[in-house]
Amino acid sequence: MHQKLQNLKNEALAQIISAQSAEELEQIRIQYLGKSGQLNDIARLFKDLSPAEKSSVGLLFNDVKSAISDALSSSKLSSLKSSSPADFDPSLPGVKIALGHLHPITNAIEEISSVFEKIGFSRVRYPEVDWDWYAFESLNFPDNHPARDDWETFFVDTPARPHLGRMLLTPHTSNGQVREMERVKTPPIRMVNIAKCYRRQVDVSHTPMFHQFEGLVVDRGITVANLKGTTDYFVKTFFGPNRKSRLRPYHFQFTEPSFEVDISCGICNGHGCKLCKEGWLELGGAGMVHPNVLKAGKIDPSEYTGFAFGWGVERTYMMKSGTKIDDIRLLYSNDIRFLTQF
Ligand code: PHE
């Protein structure tokens with residue numbers, strides 16, 4: 001009986017190993033472990049054995065039974081419902097892997113940098129948490145200017161330093177102007193500083209965090225004509241050859257004269273429509289660098305002049321034809337349904 005059981009075990013394991021399908025495996029199970037299977041046939045002979053034989057054969061019997069059922073359940077085939085070729089349809093579409101992409105504002109920043117790189121500007125980055133000196137004082141802001149109030153700018157709760165003042169979250173990228181003058185020391189300077197800015201304002205057209213790109217050019221003989229030429233080049237390259245720019249007189253502490261830069265509306269081509277009303281859209285501020293700012297950056301204003309501009313990345317991106325975003329806050333809502341449209 002011992003030999004019989006051993007043979008049975010070897011046979012069953014060999015069959016399990018060479019089985020080709022789940023059906024075949026099931027047949028093997030029935031053949032050995034089924035109600036009228038071979039193991040039960042042997043069990044029926046137990047009643048004729050002596051008690052001593054019974055216990056030693058019983059041990060072996062259990063051993064063989066569990067070896068066969070273990071082999072059946074660990075066979076790779078047992079996890080397949082059916083391996084019949086009829087159940088596999090190679091013409092069914094596969095499962096698509098979701099592919100992400102860069103944020104539209106990241107793409108806009110890259111595009112803006114490459115437009116300025118082509119005319120010799122270097123992309124620089126300056127702190128987004130900076131001293132009052134770079135954001136306000138060196139830029140000719142008087143002490144009582146409203147932008148220096150807690151209601152407009154986020155100040156960091158740290159003690160003020162002599163000369164540098166308090167720390168703040170930069171409300172504009174103009175803090176890069178004097179920092180760039182300190183880095184380059186002797187002009188020419190041609191920088192574009194793209195960074196995050198922070199202001200206490202939230203509504204459909206404002207987020208407390210946004211981005212600006214700041215241009216600064218300082219050299220001998222720089223005039224408003226250079227500012228106008230650079231603006232036109234940017235507007236035509238970024239928005240399209242049919243768009244025009246115009247400078248409107250304005251006021252900033254750190255430029256004199258100062259301007260607001262408008263670009264012709266891409267929808268009505270400057271004739272006036274529902275979106276722009278008068279045919280022009282406002283891009284942002286610009287002007288000729290104030291002599292006091294050059295002095296703060298240790299550059300002699302009797303020898304050098306310069307122009308600067310600071311424009312919002314989100315605004316500029318939305319003004320590009322074909323991009324309509326009703327609520328600017330959507331850009332930073334992390335809503336995948338919104339972001340996958342770009
Ligand atoms: N810093 C100004 C703003 O945030 C823009 C500006 C930059 C104006 C450079 C003139 C020159 O509104």
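Along the sequence shown, residues are numbered consecutively beginning with 1. As the structure lists them, so they are numbered: ligands from 1, and atoms in each ligand from 1.
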Is it true that F254 lies under 4.0 Å from ligand 1, counting heavy atoms only? yes
Evaluation steps, side-chain hydrogen bond (donor to acceptor under 3.5 Å, both in side chains), between N7 and Q3: CA-CA 6 Å; N7 290 345; Q3 194 53 47; 3.1 Å; yes
CD (E314) and CZ (R329) are apart, to the nearest 0.5 Å, by 14.0 Å
Side-chain ion pair, D132 and R166, N-O less than 4.0 Å: no
Between the side chains of E180 and R183, is the shortest nitrogen-to-carboxylate-oxygen separation below 4.0 Å, so that they form an ion pair? yes
Could E303 and R220 be called an ion pair, given the rule that one side-chain N must be under 4.0 Å from one carboxylate O? yes
Under 4.0 Å to a heavy atom of A308 - the qualifying atoms of ligand 1, by number: 9 (C), 11 (C)
contact_flag R199 ligand 1 heavy-atom lt 4.0 Å: yes
What's the shortest distance from atom 12 (O) of ligand 1 to any protein heavy atom, and which residue and atom give it? F252 CE2, 3.8 Å
Which atoms of ligand 1 sit under 4.0 Å from any heavy atom of S174? 1 (N), 7 (C)
Using the side-chain contact (heavy atoms from CB on, under 4.5 Å) definition, which of the options V218, I299, L139 pairs with V293? L139
Validation row, ring centre H172 to ring centre F254 under 6.0 Å: yes
Only heavy atoms of A286, strictly under 4.0 Å: list the atoms of ligand 1 that pass. 8 (C), 10 (C), 11 (C)
For ligand 1, which atoms have a heavy atom of Q177 less than 4.0 angstrom away? 9 (C)
With heavy atoms of Q212 as the reference, note each atom of ligand 1 found under 4.0 Å away. 3 (C), 4 (O)
So which protein heavy atom does atom 5 (C) of ligand 1 come closest to, and at what separation? G310 O, 3.7 Å
